[in-house]
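The next block holds one structure in the form of structure tokens; read it before the comments.
By convention here, the first residue in the shown sequence is residue 1.
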Amino acid sequence: MNAAHRREEIINLLIIRRHTTASELAQEFGVSIRTIQYDIQSLSPAYPIYTKQGENGGIFMRDDFRPYSNTLTFDELNALKELYSQENGLHREILYGILKKYGPDKLVV
């Protein structure tokens, strides 16, 4: 994965999670914490990202930043999860893709 793709994924994760740490991102992307710090520094001028030191610190996306409105509501998420549990084969794979794309991060189905 190149830097541009990794940075795009970092933004997507922050939009969903709203908060993470450099250590978590480094582990997920298989890079050093310093590389993540460079990524955040590069992304900060274009996105409402900020960092906070200390306990409960990390990397944050401002709460009011919603670049798109195509995220699932709680009821939509539950309905799709129910359908997912009942399906097999291709339909199950497609539902999983939808849930991963539009549902909350680290989806457990």
Side-chain angles (χ1 to χ4, degrees):
M1 173 181 300
N2 65 30
H5 186 243
R6 184 180 59 249
R7 290 172 183 173
E8 182 181 330
E9 288 301 310
I10 289 171
I11 291 300
N12 289 334
L13 289 173
L14 283 170
I15 288 168
I16 294 166
R17 294 181 190 168
R18 312 313 283 182
H19 169 251
T20 190
T21 65
S23 178
E24 288 171 350
L25 291 174
Q27 185 175 4
E28 286 183 51
F29 292 108
V31 297
S32 70
I33 291 173
R34 188 66 191 137
T35 296
I36 297 298
Q37 290 169 337
Y38 285 132
D39 290 340
I40 298 304
Q41 186 177 20
S42 174
L43 291 166
S44 293
Y47 295 93
I49 298 170
Y50 65 96
T51 59
K52 180 179 165 186
Q53 299 293 324
E55 189 173 334
N56 299 321
I59 304 162
F60 297 82
M61 176 71 73
R62 216 174 59 213
D63 286 334
D64 63 342
F65 182 69
R66 303 269 182 226
Y68 45 77
S69 60
N70 60 347
T71 55
L72 296 173
T73 66
F74 182 75
D75 289 337
E76 291 168 336
L77 177 64
N78 284 333
L80 286 173
K81 285 170 82 172
E82 184 178 333
L83 289 171
Y84 173 84
S85 69
Q86 298 168 8
E87 287 296 331
N88 294 312
L90 181 60
H91 287 148
R92 186 176 178 99
E93 288 178 35
I94 291 170
L95 285 169
Y96 182 77
I98 292 168
L99 288 166
K100 284 295 284 182
K101 187 172 183 179
Y102 299 106
D105 190 43
K106 297 192 180 209
L107 182 66
V108 177
V109 285

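- The distance from atom CD1 of Ile98 to atom CD of Glu93, rounded to the nearest 0.5 Å, is 12.0 Å.
- Pairs of residues two or more places apart, or lying in two chains, that qualify as salt bridge (Lys or Arg N to Asp or Glu O under 4.0 Å) and include a residue from residues 35-53 are Arg6-Asp39, Arg7-Asp39.
- For the atom pair CZ (Phe60) and CD1 (Ile49), the distance works out to 12.5 Å, reported to the nearest 0.5 Å.
- Rounded to the nearest 0.5 Å, atoms OG (Ser32) and CG (Leu25) are 12.0 Å apart.
- Heavy atoms of other residues, nucleotides or ligands lying less than 6.0 angstrom from CD of Gln53 number 12 at most.
- A continuous path of ILVMFWY side-chain contacts below 4.5 Å connects Tyr96 to Ile94, so both sit in one hydrophobic cluster.
- Screening Ile15, Ile40, Ile59, Thr20 against Ile10 for a side chain to side chain contact (heavy atoms under 4.5 Å, CB included) leaves a single residue, Ile40.
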Practice problem: Could you walk me through whether Thr21 and Ile33 pass side-chain contact (heavy atoms from CB on, under 4.5 Å), step by step? | Solution: CA-CA 9 Å; Thr21 65; Ile33 291 173; over 6 Å; no
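- Remark: Glu76 CD to Asn78 CG distance equals 10.5 Å, nearest 0.5 Å.
- Residues Met1 and Leu14 fall within the same hydrophobic cluster, defined by Ile, Leu, Val, Met, Phe, Trp and Tyr side chains chained together at heavy-atom separations under 4.5 Å.
- Here NE2 of His91 is found 13.0 Å from CD of Gln86. Values are rounded to the nearest 0.5 Å.
- Val31 and Leu43 fall within a single hydrophobic cluster, where Ile, Leu, Val, Met, Phe, Trp and Tyr are joined by side-chain heavy atoms under 4.5 Å apart, directly or via other members.
- The two residues Asp63 and Arg18 come nearest to each other via the heavy atoms O-NH2, 3.2 Å.
- Residue His19 places its NE2 atom among more than 12 non-hydrogen atoms of other residues, nucleotides or ligands, all under 6.0 Å distant.
- Side-chain contact check for Arg92 versus Tyr84: some heavy-atom pair is nearer than 4.5 Å.
- A 6.0 Å sphere centred on CZ of Phe65 holds more than 12 heavy atoms belonging to other residues, nucleotides or ligands.
- The side chain to side chain donor-acceptor pair (under 3.5 Å) check on Asp64 picks up Arg62, with sequence neighbours excluded.
- Other residues, nucleotides and ligands contribute only 12 or fewer heavy atoms inside 6.0 Å of the CD atom of Glu82.
- Environment of OH in Tyr47: sparse, with no more than 12 heavy atoms of neighbouring residues, nucleotides or ligands closer than 6.0 Å.
- With sequence neighbours excluded, no residue satisfies salt bridge (Lys or Arg N to Asp or Glu O under 4.0 Å) with Asp75.
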Quiz prompt | Verdict with reasoning, Ile11 to Met61, per side-chain contact (heavy atoms from CB on, under 4.5 Å) | solution = CA-CA 8 Å; Ile11 291 300; Met61 176 71 73; 4.2 Å; yes
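- Remark: Gln27 CD is loosely packed, at most 12 non-hydrogen atoms of other residues, nucleotides or ligands lying under 6.0 Å away.
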